[in-house]
Amino acid sequence: MRLFLLVSFFASMLLEAYGFTAETDRQSLLEFKSQVSEGKRVVLSSWNNSFPLCNWKGVKCGSKHKRVISLDLNGFQLGGVISPYIGNLSFLISLDLSNNTFGGTIPEEIGNLFRLKYLNMASNVLGGRIPVSLSNCSRLLELILIRNHLGGGVPSELGSLTNLGILYLGRNNLKGKLPASLGNLTSLRYLGFGVNYIEGEVPYSMSKLTQLLRLHLGSNRFSGVFPSCIYNLSSLEYLYLFDNGFSGSLRSDFGNMLPNLQDLNMGRNHYTGAIPTTLSNVSTLQRLVMEENNLTGSIPLGFGKIPRLQILSLNRNSLGSQSFGDLEFLGSLTNCTQLETLYVGENRLAGDLPTSIANLSRSLINIYLAMNHISGSIPHDIGNLISLRSLDLGDNLLTGPLPTSIGKLSELGELSLYSNRMSRELPSSIGNITGLVHLYLFNNSFEGTIPPSLGNCSYLLELWIAYNKLSGIIRREIMQIPNLVTLIIEGNSLIGSLPNDVGRLQYLVLLKVGNNNLSGQLPQTLGRCLSLEVIYLQGNSFVGAIPDIKALMGVKRVDLSNNNLSGSIPRYLGNFPSLEYLNLSVNKFEGRVPTEGKFQNATIVSVFGNKDLCGGIQELNIKPCPSKAPPMGTKHSSHLKKVAIGVEYGIGGHPSIHGDVYSFGVLILEMFTGKRPTNVLFEGTFTLHNYVKLALPKRVLDIADESILHCGLRVGFPVAECLTLVLELGLRCCEESPTNRLATSEATKELISIREKFFNTKRTARR
C-alpha cells in the first residue's frame, strides 16, 4: 500500500511537469460537468467554450498562471457522481462540493491534488470508503466529509496529514476502531467523528492533540472508562461524548484538568459515582449535560458559581438521597442569571420544593423536575419566571393548590403537574396562558369545575385532567378549542351531558370521558369528529341509541360499557378497518348481534350484560335469536306481513277512518320497530317517537324489527326506502300537537300511495 502511495505521488508530480495546462483544467471541468445529473446541469450553463474558463460559475483562477485554484459549488443542488477528472486540476487549493446530492464514491484521483488545502464534501450522499490516496494531499488544512454515507474504517494513513487543523467525518457509517495514528495530527483544533458506528476505546495517543478546541465523539459505540487522554487536552472548549458505552467514575479533579470547557455533553452513557465538584471551577462552562447515566450523590452547590451557565441537564440518574437537603442546589442556582434550561428529573431528589425556585433566572425557559420525591407546594411567586415555556413537576409528592400567579406565565406551552397530591380548585387565571399547547393535570385531587377560561387557550392540543375530583358540567368552551387532539377527563364526578359542540373538534383523536356521572343521549354531532381513534365513554349513565358514527373510519378503540344505552348494535361498527377493541357490555342493547367483519372476532368485541341481545358468533356466549319469520305469500300481501297488516287496518278498516289518528301512528311505529312505548328504553323525554325520529333516514335499518329484515326479501327490494316512508307517516300521525297531525283522509291517501309504489317496485323486481 505504501509503495502504491509513493508511486501515485510521484506520478502526480510528473504529470504536473509534463503537459498539464489551463486547457487541461477546461477539459477536466467539462468532464466533471458531464457526470452531473442532466436535470441539474443548467446551474453550470456558463461552463462552455463561449466563456473564459476563469469566468465560469464557481471557478476561481490564479492571477499568474490562469490555472484553476478554487472550485466552489457549495449548495448548487447538483447531483450525479464526481468525475475522476477532478484529479487533473493540479493547481487546485480549495475544493468545496458541500450541500449537494453527489452519489457514488470519492474518486481516488483526489489524491493527485497535492496542492489542496481545503476539501469539503459535506452533506452529499457519497458512499464507499474514504480514499487512502487522500494522504497524498499533504498540505491539507481542512478535511470535511460529514453527512454522507461513507463506510469502512478510518484510514490510518490520514495520520500523515500533519497540517490538518480541521477533520470532520461525522454522520456517516464509519465503523471499526480509531487508529492510533490520529495522535500525529498535532495541529488539529477541531475533530469530529460523531454519529457513526466506531467502537472500542479512544486511543491514548490522542493525548498529544493539545491544540484541540472541539472534540465530537458522540453517538458511536465507544466503550471503556472515560478516555484518560482527554484529561491532557486542557485547551478543550467543546467535548461531546454522549450516547456511547463509556463507564466508570470521573476523576475528582475533572474541572481542574479541563478549565476552558464551554460545552460538556456526556449524556446517555454508563458513568457512575459522584459529579466532580471541581466542575464548578470551570467559569467558562455554559452547557453541562450528564443525563441518562448512573451518577449518584448530591448535585454540587458550587454550580451556582458558574456565572455563564445556560443549560444544566442531569435527568435520569440516581442523584439525591431521597431526603431533605437534596434540593439545596436550587437556591445556589439563583446566581446563574443566564440559566435557560434546568433538567434534573427522574432522580432520587426529595424534600420540599424551595421557594427559591421562583427566584431563578428570568431567562429560564425549561424546568423539568418530574419523577422525583419532591414534596411541599408550588411557591405562589412561580409567576416570576416569565420566560418559562415548559414546566414539568409531574410524578412527585406535591400538595396544595395551583397558584393563581401561574397565569402570568404567558409564554408557557407545556404545564405538567400530573400524579401529585395537589388539591383545591383550578384557578381561572390558567386561561391567561393563551399559548398553552399541552396541559397535564391528571392523577391529583383538584376540585370544583373545569375553568371555562380554558376556552381561551386556542392553541391547546392536549388536555389531560383525568382522575381528579372535578365536578359540574363539561363546559361548551372546552368544546370550542379548535385544535384539540386529546381530551381526557375521565375519572371525575362530572355531570350533565356530552355537549353537542363536541362535533366542532375536527382534529380530536382521543376522547376519554369515562367513569364520571354523565347522562343523557350521546350527541349525533359525535359523528363529525372525523379524526377520532379512541372513544372511551364507559362508566356513565348515557341513554338512547348509539349515534351515527359510521363516518369515523379511523376508529381503533371504543368503550361504551356500563351505561344505559339501548337500541340495536349498528352493523357498520364491524366494518371499521382499524378497530381493535369494542366494548358494549352492561347496557340495554337489544336485538341481534351483528356477525359481519370485526364482530367475528370475540377477542375484540365484548357485549355481555345486555339481556335483550341475541345471536352473534358462538364465542360471545349470547342466547340464540328466535327463528326468522316465514316467507311471505306469493299472491301479492309479498311485501312484509306487517306492511300488509298496517295497510288493511289503515285503509280498509273503520278504526283509522273514524278512530284516533294518534293511536294509529303509534301502532305503526310499534309494529315496524318491534318496540312498545312502554319499553324500558324509553324514559323521561326519550320516547318511541324520538327514538324513530333520531334514526331516520340513515339508520332506519338499525331500528327496524329484526323479523322484517329476515323475511325472505328478494335482492334489489328497496326495503330502507319503503320503511322510511311508512315510519315517517307514523311520526306525522302521532305528533305531540293535535294540530300538527295528519288528517285521517291524508293518512289514507299516503298509505295508498305507498302501497301502489310498493306493488310497482315489486313487480319490477320480479321481472
Side-chain angles (χ1 to χ4, degrees), residues 274-275 277 279-280 288 290-291 295-307 309-409 411-412 414-424 427 429 440-441 444:
I275 298 174
T277 56
L279 276 172
S280 60
L288 174 59
M290 306 179 81
E291 62 190 15
L295 297 171
T296 55
S298 60
I299 298 176
L301 298 179
F303 283 163
K305 297 189 299 182
I306 308 177
L309 192 62
Q310 298 174 12
I311 296 176
L312 178 60
S313 180
L314 305 174
N315 290 339
R316 297 187 181 179
N317 281 284
S318 296
L319 297 167
S321 59
Q322 298 188 37
S323 63
F324 286 87
D326 288 344
L327 300 176
E328 289 184 8
F329 72 95
L330 288 174
S332 69
L333 290 178
T334 57
N335 297 320
C336 302
T337 57
Q338 298 181 33
L339 191 64
E340 296 180 355
T341 295
L342 175 60
Y343 286 163
V344 291
E346 302 178 61
N347 279 287
R348 303 170 61 200
L349 303 173
D352 286 352
L353 186 66
T355 56
S356 59
I357 193 173
N359 298 324
L360 291 173
S361 167
R362 296 293 179 94
S363 302
L364 199 59
I365 296 174
N366 304 298
I367 294 180
Y368 182 62
L369 290 171
M371 302 188 202
N372 281 290
H373 306 277
I374 301 173
S375 53
S377 59
I378 299 176
H380 175 72
D381 292 331
I382 195 71
N384 293 343
L385 305 178
I386 55 176
S387 298
L388 269 187
R389 297 179 189 170
S390 174
L391 174 60
D392 193 342
L393 301 174
D395 203 357
N396 279 290
L397 304 173
L398 294 171
T399 56
L402 179 59
T404 56
S405 68
I406 199 76
K408 296 180 181 180
L409 304 180
E411 299 295 317
L412 203 62
E414 178 177 332
L415 176 59
S416 296
L417 303 174
Y418 63 92
S419 298
N420 277 285
R421 301 172 182 176
M422 299 182 68
S423 57
R424 304 190 195 173
S429 61
Y440 306 118
L441 304 179
N444 278 284

Participant: Grab the two heavy atoms, one from I306 and one from C336, that are nearest each other, plus how far apart they are.
Facilitator: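 It is O-SG, 3.6 Å.
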Participant: Looking only at non-hydrogen atoms, find the nearest pair between L279 and M290 and report the distance.
Facilitator: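 Scanning both residues, the minimum pair turns out to be CD1-SD, 4.2 Å.
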Participant: Find the distance between CG (L330) and CD1 (I299) and round it off to the nearest 0.5 Å.
Facilitator: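 Answer for the CG-CD1 pair, L330 versus I299, is 7.5 Å.
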Participant: Indicate the atoms forming the closest heavy-atom contact of E291 with N317, along with that distance.
Facilitator: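 Taking E291 first and N317 second, the nearest heavy atoms are CA-ND2, 3.9 Å.
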Participant: Atom OG of S405 and atom CD1 of I386: how far apart are they, to the nearest 0.5 Å?
Facilitator: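 If we round to the nearest 0.5 Å, S405:OG and I386:CD1 are 12.5 Å apart.
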Participant: Just so I know, are the side chains of L412 and L391 near enough to count as touching, which here means a heavy-atom distance under 4.5 Å?
Facilitator: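 Yes, close enough: below the 4.5 Å cut-off.
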Participant: Do any side-chain atoms of residues 366-375 form donor-acceptor pairs under 3.5 angstrom with protein atoms, and if so which ones, sequence neighbours left out?
Facilitator:
{"residue": "N366", "atom": "ND2", "partner": "T341", "partner atom": "OG1", "Å": "3.2"}
{"residue": "Y368", "atom": "OH", "partner": "E346", "partner atom": "OE2", "Å": "2.7"}
{"residue": "N372", "atom": "OD1", "partner": "N347", "partner atom": "N", "Å": "3.1"}
{"residue": "N372", "atom": "OD1", "partner": "R348", "partner atom": "N", "Å": "3.4"}
{"residue": "N372", "atom": "OD1", "partner": "L349", "partner atom": "N", "Å": "3.1"}
{"residue": "N372", "atom": "ND2", "partner": "V344", "partner atom": "O", "Å": "3.3"}
{"residue": "N372", "atom": "ND2", "partner": "L369", "partner atom": "O", "Å": "3.0"}
{"residue": "N372", "atom": "ND2", "partner": "A370", "partner atom": "O", "Å": "3.3"}
{"residue": "S375", "atom": "OG", "partner": "G351", "partner atom": "O", "Å": "3.4"}
{"residue": "S375", "atom": "OG", "partner": "D352", "partner atom": "OD1", "Å": "2.7"}

Participant: Do F303 and L333 touch side chain to side chain, with heavy atoms closer than 4.5 Å?
Facilitator: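 In short, these two side chains touch, coming nearer than 4.5 Å.
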Participant: Could you give the distance from CZ (F329) to CD1 (I275), rounded to the nearest 0.5 Å?
Facilitator: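 Going from the CZ atom of F329 to the CD1 atom of I275 covers 9.5 Å.
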Participant: Could you check S318 against L295 for side chain to side chain contact (heavy atoms under 4.5 Å, CB included), going step by step and ending with a plain yes or no?
Facilitator: CA-CA 6 Å; S318 296; L295 297 171; over 6 Å; no
Participant: Would you say that L319 contacts T296 through its side chain, given a criterion of any heavy-atom pair below 4.5 Å between the two side chains?
Facilitator: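 With C-beta onward as the side chain, the pair stays apart.
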Participant: Kindly write out the residues that satisfy side-chain hydrogen bond (donor to acceptor under 3.5 Å, both in side chains) with N335, not counting sequence neighbours, or none if the list is empty.
Facilitator: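 Partners of N335 under the side-chain hydrogen bond (donor to acceptor under 3.5 Å, both in side chains) test: none.
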Participant: With side-chain hydrogen bond (donor to acceptor under 3.5 Å, both in side chains) as the test, would you mind laying out the steps for E411 and S387 before giving the verdict?
Facilitator: CA-CA 6 Å; E411 299 295 317; S387 298; over 6 Å; no
Participant: With a 4.5 Å limit on heavy-atom distance, are the side chains of N359 and I357 in contact?
Facilitator: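 N359 does not reach I357 side chain to side chain.
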Participant: Below 4.5 Å, heavy atoms only, C-beta onward: do L353 and S377 meet side chain to side chain?
Facilitator: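 Counting from C-beta outward, L353 and S377 never come under 4.5 Å.
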Participant: Rounded at 0.5 Å granularity, tell me how far CG in L312 sits from CD in E340.
Facilitator: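 The CD atom of E340 is 13.0 Å from CG of L312, to the nearest 0.5 Å.
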Participant: Would you say S423 and T399 make side-chain contact, with heavy atoms under 4.5 Å?
Facilitator: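 When only atoms from C-beta onward are counted, T399 and S423 do not touch, as no gap falls below 4.5 Å.
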Participant: Could you state the interatomic distance from OG (S429) to CG (L402), rounded to the nearest 0.5 Å?
Facilitator: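 Reported to 0.5 Å precision, the distance equals 7.0 Å.
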Participant: Among all residues two or more places apart in sequence or in another chain, which pass the ring pair (Phe, Tyr, Trp, His ring centres under 6.0 Å) test with Y418?
Facilitator: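 Result, ring pair (Phe, Tyr, Trp, His ring centres under 6.0 Å) vs Y418: F442.
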Participant: Start with the C-alpha gap between T355 and D381, add the side-chain angles, then the distance that decides, and say whether side-chain hydrogen bond (donor to acceptor under 3.5 Å, both in side chains) holds.
Facilitator: CA-CA 8 Å; T355 56; D381 292 331; over 6 Å; no
Participant: Specify the closest pair of heavy atoms between N396 and L393, including all atoms of both residues, with the distance to one decimal.
Facilitator: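 Nearest pair, atom of N396 first, then L393: ND2-O, 3.0 Å.
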Participant: Could you give me the CA-CA distance, side-chain angles and deciding distance for I382 and K408, then say whether side chain to side chain contact (heavy atoms under 4.5 Å, CB included) is met?
Facilitator: CA-CA 9 Å; I382 195 71; K408 296 180 181 180; over 6 Å; no
Participant: Between atom CD1 of I311 and atom CG of L288, what is the distance when rounded to the nearest 0.5 Å?
Facilitator: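 If we round to the nearest 0.5 Å, I311:CD1 and L288:CG are 10.0 Å apart.
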Participant: Quick check: closest heavy atoms across M422 and I378, and the distance to 0.1 Å?
Facilitator: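 It is CE-CD1, 3.6 Å.
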Participant: Ignoring hydrogens, what is the shortest heavy-atom contact between E414 and D392? Give both atom names and the distance.
Facilitator: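 Scanning both residues completely, I find the closest heavy atoms to be OE2-OD2, 4.2 Å.
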Participant: Quick one: does any side-chain atom of S298 pair with a main-chain N or O of P300 as donor and acceptor, under 3.5 Å?
Facilitator: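 Checking the backbone N and O of P300 against the side chain of S298, no donor-acceptor pair under 3.5 Å is found.
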